[in-house]
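What follows is a short report on a single structure.
Ligands are counted one by one from 1 in listed order, and the atoms in each one are counted from 1 as well. Fair warning: this is a prediction, and the values are worked out from it, not measured in the lab. FYI, the numbering just counts along the sequence from 1.
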Amino acid sequence: MVGASDKGAHMTEIVILGGGTAGTLIANTLVKKKLPWHITVIDRNDEHHYQPGYLFVPFGMMPASRVAKSRTKFLPDGVDLIIDAAVTIDRAAHEVVLSSGRRVRYDQLIIASGTIPDPAAVPGMADGIEWYRSVFDFYTLEGAAALAPKIKGLEKGRLVVHVSETPIKCPVAPLEFALLAQDYMRKKGRNWGVDVVYVTPLDGAFTKPVASRTLGGLLAERGIEQITDFQVEEIDNGAKELVSYDGRRVPFDLLVTVPPNRGSAVVIESGLGDEAGFVAVNKHTLQSEIDPDIWVLGDATNAPTSKAGSVVHFEAAAFVPNLIAHVAGEPLPKLFDGHANCFIESGRGEAMLLDFNYEQEPVTGVFPLAGVGPLKLLRPSRLNHLSKLAFEGVYWHALLPGRPLPFPHDMSTAGKNLESTN
Ligand SMILES: Cc1cc2nc3c(=O)[nH]c(=O)nc-3n(C[C@H](O)[C@H](O)[C@H](O)COP(=O)(O)OP(=O)(O)OC[C@H]3O[C@@H](n4cnc5c(N)ncnc54)[C@H](O)[C@@H]3O)c2cc1C
């Protein structure tokens with residue numbers, strides 16, 4: 001078929017919508033296969049963000065300038081990058097329609113358009129007078145950078161860390177924010193004047209029972225108040241209070257909120273997404289449930305695993321052989337097990353690690369080698385913290401280029417205390 005830039009009639013046209021974590025990793029991995037494929041990546045801008053850095057910017061642990069880099073540097077030779085926003089997918093014509101009116105034809109489309117915070121979805125959030133005065137998000141570089149001087153200047157009062165609804169990307173990031181904030185205030189000698197409060201729509205600190213118990217215990221140990229089952233209705237800007245549907249009110253001096261996370265507008269516009277704009281996929285093959293020539297990776301899917309960069313790495317191991325088999329007209333050979341790894345900064349120079357998949361919730365034990373570790377699961381350790389810091393280099397130089405990482409793709413139960421699930 002003739003492709004976007006007409007590279008020849010024999011070429012299979014692969015179009016990747018989104019040049020973030022998933023789009024870049026997949027483009028690099030596919031190019032290494034040296035197949036007769038022409039690959040095009042579409043992204044609305046040329047700024048690739050290391051999103052885990054958003055957590056560190058407000059605490060002065062990472063300069064905002066280190067978070068964003070040009071996408072071009074991370075895409076391999078031979079891949080075309082189109083900088084333009086996709087507005088819709090014309091499935092009948094096998095074309096992605098861009099805001100310029102250009103149409104990009106595909107044989108196989110890989111949607112990797114991620115998720116973005118939507119602060120307009122909560123009344124009184126983006127449209128409130130306190131937005132970026134005493135109400136901030138940290139899920140954008142702009143929000144994280146604007147928050148830094150506010151954290152630095154907070155001498156006393158209530159610092160409320162809030163999750164509007166789930167699912168969100170990196171679901172542990174708000175917990176990490178609360179723990180880092182409490183530690184920051186402790187180091188500045190302000191922990192007697194600043195109360196850190198954690199407000200969540202969940203019935204505990206996290207979705208998975210063992211992790212929820214452990215993380216809830218850690219918050220309590222650090223003196224962080226938890227308010228659970230809080231379904232936010234609005235932010236009352238005049239009173240500076242979060243208001244829930246059941247009438248509860250949580251006062252704040254500084255509110256750090258995670259707005260509802262939504263799939264990209266192009267997904268919603270194309271009729272591919274659910275209410276929140278996430279694409280229905282077969283959770284094991286990552287193939288769209290309604291179109292076999294559309295695949296979805298990373299945060300854009302509705303797969304019930306974490307929305308995390310580590311997940312993209314594990315997904316790729318099943319997805320790439322499946323795509324190659326599909327193009328060849330063969331049965332799909334691999335299944336993705338939902339494997340996720342999440343480091344959780346717990347303050348005091350330590351971090352915890354979660355390892356889980358669709359079937360197995362996070363438990364204690366060691367990772368990645370049974371009996372050896374060296375990383376501890378669900379327990380704070382200095383080595384976990386150093387590994388989380390090292391992830392930045394791993395991200396740019398190993399994960400995005402699709403290089404092998406020293407972790408098994410499928411989750412292994414070796415070295416784990418499975419009885420701790422009970
Ligand atoms: C605060 C925070 C901390 C995090 N910490 C961690 C961590 O410690 N470990 C971890 O593994 N993960 C972490 N994550 C999550 C991780 O960053 C994401 O899961 C990962 O980036 C998802 O990759 P993706 O490719 O699906 O989406 P993204 O990387 O967000 O890429 C989506 C791309 O699609 C583009 N796009 C969207 N719509 C369009 C359109 N219509 N037209 C053209 N382009 C479009 C966007 O511009 C973007 O470049 C964190 C996230 C946040 C916010």
Under 4.0 Å to a heavy atom of R71 - the qualifying atoms of ligand 1, by number: 47 (O), 49 (O)
Salt-bridge criterion met for R158 and E241 (N-O under 4.0 Å): no
Side-chain heavy atoms of L109 within contact of I111, under 4.5 Å: yes
Side chain to side chain, K307 and P167, heavy atoms closer than 4.5 Å: yes
K283 to Y358 six-membered ring, cation-pi geometry met (6.0 Å, 45°): yes
Protein residue, atom and distance nearest to atom 2 (C) of ligand 1, heavy-atom basis: Q51 O, 3.5 Å
Stepwise ring-ring contact (aromatic ring centres under 6.0 Å, His included) test for F391 and F343: CA-CA 10 Å; F391 184 62; F343 282 107; 7.2 Å; no
Protein contact of atom 47 (O) of ligand 1 - nearest heavy atom, named by residue and atom, plus distance: D43 OD1, 2.7 Å
Identity and separation of the nearest protein heavy atom to atom 53 (C) of ligand 1: Y139 CD2, 3.6 Å
Residue R190 excluded, over 12 heavy atoms near CZ under 6.0 Å: yes
Between S134 and E130: side-chain donor-acceptor atoms closer than 3.5 Å: yes
Close-contact set for ligand 1 against D299 heavy atoms, below 4.0 Å: 18 (C), 19 (O), 20 (C), 22 (C), 26 (O)
Closest approach of any protein heavy atom to atom 36 (N) of ligand 1, naming residue and atom: R44 NH1, 3.9 Å
Interfacing atoms of ligand 1 (cut-off 4.0 Å, heavy-atom, D84): 43 (C)
Atoms in ligand 1 with a heavy atom of F138 nearer than 4.0 Å: 1 (C)
Per-atom contacts, ligand 1 versus K307 - under 4.0 Å to a heavy atom: 15 (C), 19 (O)
Sub-4.5 Å side-chain heavy-atom contact between N45 and R71: yes
Polar proximity ligand 1 side, T21 side, N/O cut 3.5 Å exclusive: yes
K32, NZ atom: more than 12 neighbouring heavy atoms under 6.0 Å: yes
Ligand 1 N/O within reach of A22 N/O, cut-off under 3.5 Å: yes
Location of contacts on H48 toward ligand 1, heavy atoms closer than 4.0 Å: neither
Per-atom contacts, ligand 1 versus V266 - under 4.0 Å to a heavy atom: 41 (N)
The one among A86, A112, S99, G18 that brings a heavy atom closest to atom 32 (C) of ligand 1: A112
Nearest neighbour in protein (non-hydrogen) for atom 9 (N) of ligand 1: F391 CE2, 4.0 Å
Contact check: S264 vs ligand 1, nitrogen or oxygen atoms, below 3.5 angstrom: yes
Matching residue for W295 among H326, E315, Q108 - test: side chain to side chain donor-acceptor pair (under 3.5 Å): Q108
For K388, atoms of ligand 1 separated by under 4.0 Å from a heavy atom: 8 (O)
N or O contact, G23 vs ligand 1, cut-off under 3.5 Å: no
Side-chain H-bond candidate by donor/acceptor type, T21 with Y395, under 3.5 Å: yes
Atom 50 (C) of ligand 1 [closest protein heavy-atom partner, distance rounded to 0.1 Å]: C170 CB, 3.3 Å
Name of the residue among Y139, F59, Y184 meeting ring-ring contact (aromatic ring centres under 6.0 Å, His included) with F177: F59
Heavy-atom check, side chain of V250 versus side chain of F252, under 4.5 Å: no
Atom 31 (O) of ligand 1 - nearest protein heavy atom and its distance: G20 CA, 3.3 Å
Contacting atoms of ligand 1, where contact means under 4.0 angstrom from a heavy atom of G298: 26 (O)
Closest approach of any protein heavy atom to atom 7 (C) of ligand 1, naming residue and atom: P52 CG, 3.6 Å
